[in-house]
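Below: one structure, written as structure tokens.
Everything numeric here is computed off the predicted structure, so don't read it as measured data. Chain naming here is simple, since letters A, B, ... match the order of the sequence lines and numbering starts at 1 in each.
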Amino acid sequence: MDKIITRFPPSPTGALHIGGARTALFNWLYARRTGGTFVLRLEDTDKARSTQESVDAIFQGLEWLGIDWDEGPFYQSKRTEIYQEHIQKLLDEGAAYYCTCTPEELDEKRKAAMARGDKPKYDGTCREKGLEKCEGAVVRLKAPQTGKTVFEDKVKGTIAFDNQELDDLIIARSDGSPTYHLAVVVDDITMGVNTIIRGDDHVSNTPRQILLYNALGYPVPTFAHVPMVLGADKKRLSKRHGATSVVEYKDMGILPEAMINYLARMGWSHGDQEFFTVDELKQVFTLENIGKSAGVFDPARLLDLNGDHIRAAKDKRLAPLFIEQLAKLGVETEEGEYLYQVMETLKPRAKTTIELAEKALFYYADDIEYDPKAANKCLKAEAVPALELLIEKLEAADVSDEKQVEEAFVQVMEATGLKMGKIAQPVRVALTGQTASPGIFEIVQILGMDKVKARLAKAMDYIRQQEA
RNA sequence: GUCCCCAUCGUCUAGCCCGGUCCAGGACACCGGCCUUUCACGCCGGCGACAGGGGUUCAAAUCCCCUUGGGGACGCCA
């Protein structure tokens with residue numbers, strides 16, 4: 001088998017959305033897996049809708065996901081001569097012809113055909129007229145009117161269309177610019193693309209494109225049509241379903257490796273395995289294991305997977321993201337041992353890096369604010385003696401040793417006759433302001449004696465104030 | 001409307017190609033419980049699906065047909 005060459009050809013008319021990102025991912029993974037080449041191409045022939053902002057947004061999305069390309073980015077807008085040559089070649093060979101039907105006429109014919117219950121295809125008015133090039137004329141492919149166009153789809157199997165169903169598609173607009181079908185096929189041919197992995201909304205475009213390959217005299221590439229990603233209502237994913245642009249998930253505290261894992265697992269499977277690293281995917285991704293049916297985008301699963309990836313992430317990898325989120329909450333801090341320890345206690349408790357930062361706030365606060373319910377429930381007079389004794393015991397110990405911290409708590413338990421819960425909860429609220437937090441011993445160890453003492457003292461003051 | 005594609009728990013899916021080992025397995029979500037200083041994590045358990053109908057066969061989630069449902073395409077958009 002020749003070297004695999006895949007491509008991702010977004011049209012820059014918006015951000016990189018979930019579906020596009022998955023298409024890019026599959027093409028990228030397949031190229032990586034097979035040692036092939038991955039090409040990036042911007043399909044910007046629609047001048048009215050293509051924007052530089054969209055181009056940038058797409059780059060940004062790919063960069064965030066870590067999807068890199070080997071060739072390109074190519075811009076269709078810069079390849080007009082190449083398209084002209086191929087269009088002219090088809091014209092010269094009689095495989096294409098000029099058509100002077102106006103958009104209005106065409107529109108009427110379409111409506112009439114629909115009303116009749118027919119397929120709204122071009123009726124071939126100009127097909128045999130032998131028209132010369134003239135103002136306002138488009139170029140149409142002279143497609144076969146009988147027979148079948150059949151292809152072997154890597155995920156769907158054999159797909160066949162009667163050529164009667166197809167019509168003479170326009171390959172050049174009246175301004176001479178190439179249309180989508182012509183441009184894609186010429187690009188894929190000239191860029192050597194031999195494996196086309198794309199959304200299955202393209203299956204009905206495929207026979208038309210195959211006809212173009214035939215007319216141009218080039219071998220037809222391998223097609224793999226991946227099922228679409230739908231929203232919870234089974235409709236095409238759109239703004240109504242929440243965030244559709246991948247970078248929005250970055251801002252939501254999602255890790256790119258989690259997004260990739262999620263995207264890969266939706267529509268593709270590898271036995272019962274759910275968790276994949278990117279490197280792993282590059283090793284095991286295959287076209288054969290892509291499912292045939294459309295899938296619903298499920299944010300809950302993404303979140304769960306993100307939690308798994310947070311837990312699996314190395315400190316060095318997570319630290320910058322954590323710091324960034326802390327900064328958004330007004331905490332300026334830097335990477336170091338303290339930060340690592342903080343992260344370690346929070347990793348199993350966070351589904352996003354935002355959550356990670358939110359739960360870390362008490363580690364950085366100068367003054368703890370009590371959650372009213374928590375204070376009400378735990379900061380009561382009966383806790384004072386235990387807190388006082390705890391300060392005493394902790395001061396006598398080395399709090400940098402978690403074991404000694406625990407020992408201090410045990411001593412307080414024994415001396416007061418209170419259960420661990422009765423001591424730990426007031427301490428937890430005193431140190432964090434909340435009833436839910438990482439383990440109390442590790443918090444004491446990380447915070448250090450000075451802060452612990454100050455916070456416990458403050459809690460006792462608070463209790464006395466409440467009692468008074 | 002016409003053509004194309006699809007159809008296993010609420011969701012993502014394994015199994016389907018090469019029928020029996022499947023009164024259908026895993027994961028998310030949900031509900032119980034365990035662990036325990038709280039919350040998570042983890043562990044254990046529960047809930048929960050082969051769209052319907054016909055065939056073929058000793059035997060069908062698996063093969064065939066029909067119906068229904070969903071999606072897509074039908075542009076001088078990509």
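The nucleotide B:U56 finds no pairing partner, because no Watson-Crick or G-U wobble arrangement with both distances shorter than 3.5 Å includes it. Of the nucleotides present, B:C44 is the one that pairs with B:G32 by Watson-Crick or G-U wobble criteria, both distances under 3.5 Å. Base-pair partner of B:U2: B:A73 (Watson-Crick or G-U wobble, both distances under 3.5 Å). Across all strands shown, B:A24 remains unpaired; no Watson-Crick or G-U wobble contact has both distances below 3.5 Å. In a base pair of the Watson-Crick type (N1 to N3 plus N6-O4 or O6-N4) or a G-U wobble (N1-O2 and O6-N3), with each distance short of 3.5 Å, B:A7 is matched with B:U68.
Across all non-hydrogen atoms, the minimal contact from A:Leu166 to A:Lys121 is O-NZ, 3.6 Å.
One interatomic measurement links the two molecules: CG of A:Asn306 to C1' of B:A40, which rounds to 15 Å at whole-angstrom precision. Rounded to an integer number of Å, the gap from A:Asp308 CG to B:G42 C1' is 12 Å. Rounded to whole angstrom, the span from the CD atom of A:Glu274 across to the P atom of B:A14 amounts to 10 Å. As a whole-Å value, the separation of A:Leu305 CG from B:C12 P is 15 Å. Going from atom CZ of A:Arg349 over to atom P of B:U36 covers 16 Å, rounded to whole Å. Distance, A:Phe276 CZ to B:A27 C1': 11 Å, rounded to whole Å. Between A:Asp233 atom CG and B:G10 atom C1' there is a gap of 14 Å when expressed in whole angstrom units.
Residue contacts shown for A:Phe441 include a base, since a base heavy atom lies under 4.0 Å away. A:Gly199 comes within 4.0 angstrom of nothing in the nucleic acid, heavy atoms only.
Comparing B:U8, B:U38, B:U11 by their closest approach to the side chain of A:Asp298 singles out B:U11. With distances taken from any side-chain atom of A:Lys292 to the nucleotides B:G71, B:A7, B:A29, the minimum falls on B:A7. For A:Glu165, the listed nucleotide lying nearest its side chain is B:U2; candidates were B:U2, B:A27, B:C28. Distance from the side chain of A:Arg265 is smallest to B:C12 among B:U38, B:U37, B:C12.
B:C9 and B:G25 have their P atoms separated by 14 Å, with the value rounded to a whole Å. Going from the P atom of B:U62 to that of B:G19 covers 12 Å, rounded to whole Å.
Geometrically, A:Arg22 engages A:Phe26 in a cation-pi contact defined by less than 6.0 Å to the ring centre and at most 45° from the axis. Taking the ring axis of A:Tyr370 as reference, the NZ or CZ atom of A:Lys458 stays within 45° of it and closer than 6.0 Å to the ring centre.
A ring-centre distance under 6.0 Å is not found for A:Trp69 and A:Phe74. Taking the ring centroids of A:Phe8 and A:Trp28, they lie at or beyond the 6.0 Å cut-off.
Below the 3.5 angstrom threshold, one finds a donor paired with an acceptor across the side chain of A:Asp272 and the base of B:G25. A donor N or O paired with an acceptor N or O is not found under 3.5 Å between the base of B:G26 and the side-chain atoms of A:Gln273. The base of B:U11 does not come close enough to the side chain of A:Arg301 for any donor and acceptor atom to sit less than 3.5 Å apart.
Annotation: of the two residues near RNA chain B, A:Val296 and A:Ala300, the 5′-most nearest-nucleotide partner is A:Val296.
At distances below 3.5 Å, not a single donor-acceptor pair connects side-chain atoms of A:His202 with backbone N or O atoms of A:Asn205. Remark: the backbone N or O of A:Thr277 is paired with a side-chain donor or acceptor of A:Glu280 at under 3.5 angstrom.
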Original post:
Using a cut-off of 4.0 Å between protein heavy atoms and nucleotide atoms, how would you tag nucleotides 73-78 of chain B 5' to 3' with B, S and -?
Top reply: SBSBBB
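OP1 or OP2 of B:G71 has at least one side-chain nitrogen or oxygen of A:Lys235 nearer than 4.0 Å. Listed pair A:Ser269 / B:A14 meets the phosphate criterion, a side-chain N or O lying under 4.0 Å from OP1 or OP2.
Partners of A:Lys380 by salt bridge (charged side-chain N to carboxylate O under 4.0 Å, His left out), not counting sequence neighbours: none found.
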